[in-house]
Amino acid sequence: MNKKTILIIEDDITLNKGIMLTLKQEDIDIKQAFDINEGRKIFNENNIDLIILDVNLPDGSGFDLCKEIRKNSNVSIIFLTACDMEIDVVTGLQLGADDYITKPFSLMILRARVMVALRRLDNTVSNAFIVDNMVFDFDKMKFTKDNEQIILSKTEVKLLKILVSNKGQVLTREQLIDSVWSDCGEYVDENALTVSIKRLRQKIEDKNLNHKYIKTVYGIGYSFVRGEKND
């Protein structure tokens with residue numbers, strides 16, 4: 001199992017700490033939040049693999065946060081709640097939760113179910129990425145923005161895939177050229193990369209200069225970021 005990051009959003013301090021201590025191990029990083037606002041901030045600033053989410057929180061409903069997260073992310077979510085009414089279980093699962101555990105529960109049972117969810121992540125290889133209002137599905141070769149199709153060339157598809165697969169990492173121009181044009185068999189002018197980046201930006205980015213996804217790292221290469229300003 002590759003190292004995973006789990007976010008616990010639970011306002012009961014004792015329970016939150018108990019879950020953290022039960023799940024903590026060398027290949028698992030734990031982030032803790034005690035309300036929705038704190039959980040949202042941690043989620044947006046980190047690459048989270050699984051969220052353990054309480055339904056009833058001081059500043060709102062875990063159901064609403066789940067609905068918000070599902071607009072842009074397929075992260076695994078396990079609900080915790082004191083209510084075992086069938087309608088609440090169904091609601092949580094319909095919103096996209098992967099599991100639902102009612103209180104009181106055994107921490108060891110929770111741990112077992114979390115480990116099952118993490119193994120499922122390792123066994124699932126997905127070539128679909130959700131980025132804000134865009135969906136890039138490389139298996140189906142379907143790319144949309146605001147549910148409208150984005151038409152990409154084969155070169156642009158290759159370039160987009162390596163960028164989003166390495167989100168947040170700076171890829172050198174040489175790395176991108178080798179990856180995108182590896183089957184070309186001929187010398188590729190660096191200008192080809194510049195032109196392809198420009199065309200890709202025109203198709204996935206907004207005209208608003210404050211909303212960019214492909215960041216230029218001058219003198220080095222490019223990085224895929226989350227709608228940041230591209231100076």
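This one's a predicted model, so the numbers in the text were calculated from it and none came from an experiment.
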Participant: How long is the straight-line distance from CG of Leu53 back to CD1 of Ile69, given to the nearest 0.5 Å?
Facilitator: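 If I round to the nearest 0.5 Å, the distance is 6.5 Å.
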
Participant: Verify, without hydrogens or angle tests, whether Arg201 (side chain) and Tyr213 (backbone) share a donor-acceptor contact under 3.5 angstrom.
Facilitator: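 Flag not set: sc Arg201 to bb Tyr213 has no pair under 3.5 Å.
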
Participant: Can a salt bridge be assigned to the pair Arg113 and Asp99 using a cut-off of 4.0 Å between side-chain N and carboxylate O?
Facilitator: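 So Arg113 pairs with Asp99 through a salt bridge.
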
Participant: Linking I/L/V/M/F/W/Y whenever any side-chain heavy atoms sit under 4.5 Å apart, do Leu193 and Val164 land together?
Facilitator: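 Yes: a chain of side-chain contacts under 4.5 Å links Leu193 to Val164.
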
Participant: Testing the 3.5 Å rule here: is there a donor-acceptor pair between the side chains of Thr194 and Arg199?
Facilitator: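 The answer is no; no qualifying pair exists.
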
Participant: State, to 0.1 Å, how close Ser223 and Gly168 come at their nearest heavy-atom pair, and which atoms those are.
Facilitator: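 Taking Ser223 first and Gly168 second, the nearest heavy atoms are OG-C, 3.6 Å.
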
Participant: Is there a side-chain contact between Tyr100 and Leu80, using heavy atoms and a 4.5 Å cut-off?
Facilitator: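 Result no, sub-4.5 Å side-chain heavy-atom pair not found.
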
Participant: Roughly how far, to the nearest 0.5 Å, is the CD1 atom of Ile36 from the CZ atom of Arg40?
Facilitator: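 Between atom CZ of Arg40 and atom CD1 of Ile36 there are 6.5 Å.
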
Participant: Per the side-chain contact (heavy atoms from CB on, under 4.5 Å) rule, which among Ile6, Thr5, Ile48, Asn47 passes with Asp29?
Facilitator: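 By the side-chain contact (heavy atoms from CB on, under 4.5 Å) criterion, Asp29 pairs with just one of Ile6, Thr5, Ile48, Asn47: Thr5.
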
Participant: Given 3.5 Å as the limit, does a donor-acceptor pair link the side chain of Lys167 with the main chain of Val225, or not?
Facilitator: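 Checked: no pair found.
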
Participant: Salt bridge or not between Glu10 and Lys103? Use side-chain N to carboxylate O under 4.0 Å.
Facilitator: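 Answer for the salt bridge query: yes.
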
Participant: Restricting to non-hydrogen atoms, name the atom on Lys145 and the atom on Ile150 that form the minimum distance, rounded to 0.1 Å.
Facilitator: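 Closest approach of Lys145 to Ile150, heavy atoms only: CB-CD1, 3.6 Å.
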
Participant: If you round to the nearest 0.5 Å, how far is CG of Asp12 from CG of Asn56?
Facilitator: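 Asn56 atom CG to Asp12 atom CG measures 12.5 Å (nearest 0.5 Å).
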
Participant: Between Arg120 and Asp49, does any side-chain N to carboxylate O distance fall below 4.0 Å?
Facilitator: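 Here Arg120 does not pair with Asp49 in a salt bridge, since their nearest N and O are not under 4.0 Å apart.
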
Participant: Once you round to the nearest 0.5 Å, how far does CD of Gln32 lie from CG of Asn16?
Facilitator: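 Between atom CD of Gln32 and atom CG of Asn16 there are 4.5 Å.
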
Participant: With rounding to the nearest 0.5 Å, note down the distance linking OG in Ser179 to NZ in Lys158.
Facilitator: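 Interatomic distance, Ser179 OG to Lys158 NZ, rounded to 0.5 Å: 10.0 Å.
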
Participant: How close do Met115 and Gln25 get, counting heavy atoms only, and between which atoms?
Facilitator: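 Answer, listing the atom of Met115 first, then Gln25: CE-OE1, 3.7 Å.
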
Participant: Are any of the side-chain heavy atoms of Leu152 and Leu160 separated by less than 4.5 Å?
Facilitator: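 Yes. Closest side-chain heavy atoms under 4.5 Å.
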
Participant: Please answer: with hydrophobic residues joined when any side-chain heavy atoms are less than 4.5 Å apart, are Met141 and Leu200 in the same cluster?
Facilitator: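 Linked, Met141 and Leu200 end up in one cluster.
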
Participant: Counting only heavy atoms not in Leu21 (residues, nucleotides, ligands), do more than 12 fall under 6.0 Å from its CG?
Facilitator: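 Result for CG/Leu21: enclosed.
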
Participant: Is the Phe138 ring parallel, tilted or perpendicular to the Phe129 ring (thresholds 30°, 60°)?
Facilitator: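 Because their plane-to-plane angle is over 60°, the rings of Phe138 and Phe129 count as perpendicular.
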
Participant: Between Arg173 and Tyr222, does the side-chain hydrogen bond (donor to acceptor under 3.5 Å, both in side chains) criterion hold? Intermediate values first, please.
Facilitator: CA-CA 7 Å; Arg173 294 180 63 88; Tyr222 301 93; 3.0 Å; yes

Participant: Please lay out, stage by stage, how Phe43 and Ile51 fare under the test side chain to side chain contact (heavy atoms under 4.5 Å, CB included).
Facilitator: CA-CA 9 Å; Phe43 177 74; Ile51 301 175; 3.9 Å; yes

Participant: Do you know which two heavy atoms are closest between Gly18 and Leu107, and how far apart they sit?
Facilitator: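 That closest heavy-atom pairing would be O-CD1, 4.0 Å.
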
Participant: Do Ile8 and Asp54 come within less than 4.5 Å of each other through their side chains, counting heavy atoms only?
Facilitator: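 Side-chain contact under 4.5 Å: no.
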
Participant: Of all the heavy-atom pairs spanning Ile214 and Glu205, show the shortest one and how long it is.
Facilitator: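 Distance-wise, the nearest heavy atoms are N-OE2, 2.8 Å.
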
Participant: Flag the pair Lys3 and Glu26 as a salt bridge only when some basic side-chain nitrogen lies within less than 4.0 angstrom of an acidic carboxylate oxygen.
Facilitator: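 Salt bridge: no.
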
Participant: Roughly how far, to the nearest 0.5 Å, is NZ of Lys31 from CD of Glu45?
Facilitator: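 Result: 10.0 Å between the selected atoms.
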
Participant: Show the numbers, then the answer: is there a side chain to side chain contact (heavy atoms under 4.5 Å, CB included) between Ile204 and Met134?
Facilitator: CA-CA 8 Å; Ile204 70 170; Met134 297 180 288; 3.7 Å; yes

Participant: Do Leu93 and Ile77 sit in the same hydrophobic cluster, where Ile, Leu, Val, Met, Phe, Trp and Tyr count as joined when their side-chain heavy atoms come under 4.5 Å apart?
Facilitator: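 Same hydrophobic cluster.
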
Participant: So, do Leu163 and Leu176 sit near enough that their side-chain heavy atoms are less than 4.5 Å apart?
Facilitator: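 The answer is yes, as the side chains (C-beta and beyond) meet within the 4.5 Å cut-off.
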
Participant: If I compare all heavy atoms of Ile101 with all of Leu110, which pair ends up nearest, and what's the gap?
Facilitator: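 In terms of heavy atoms, the two residues are closest at CD1-CD1, 3.3 Å.
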
Participant: Given side chains that start at C-beta, do those of Leu7 and Ile52 come closer than 4.5 Å, heavy atoms only?
Facilitator: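 With C-beta onward as the side chain, the pair stays apart.
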
Participant: Please check if the side chain of Glu68 supplies one atom and the backbone of Leu65 the other of a donor-acceptor pair under 3.5 Å.
Facilitator: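 It does not hold such a pair.
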
Participant: Should the heavy atoms of other residues, nucleotides or ligands under 6.0 Å from CG of Asn46 be counted, would the total exceed 12?
Facilitator: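 Counting other residues, nucleotides and ligands, CG of Asn46 exceeds 12 neighbours.
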
Participant: Is there side-chain contact between Phe79 and Cys66, with at least one heavy-atom pair below 4.5 Å?
Facilitator: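 Phe79 vs Cys66: side chains touch.
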
Participant: Would you say Val157 and Ile130 are hydrophobically clustered, going by side-chain heavy atoms of ILVMFWY under 4.5 Å?
Facilitator: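 No; Ile130 is not reachable from Val157 via cluster members.
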
Participant: Do Val55 and Phe63 come within less than 4.5 Å of each other through their side chains, counting heavy atoms only?
Facilitator: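 Side chain of Val55 against side chain of Phe63, heavy atoms only: contact under 4.5 Å found.
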
Participant: Is the shortest side-chain heavy-atom distance between Ile177 and Thr172 below 4.5 Å?
Facilitator: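 No; the side chains remain at least 4.5 Å from each other.
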
Participant: Quick one: does Glu38's side chain have a donor or acceptor within less than 3.5 Å of a partner on Phe34's backbone?
Facilitator: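 Pair found, side chain donor or acceptor close to backbone of Phe34.
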
Participant: Do Phe136 and Ile162 land in one hydrophobic cluster if side-chain heavy atoms of ILVMFWY residues count as linked below 4.5 Å?
Facilitator: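 Result: yes, single cluster for both.
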
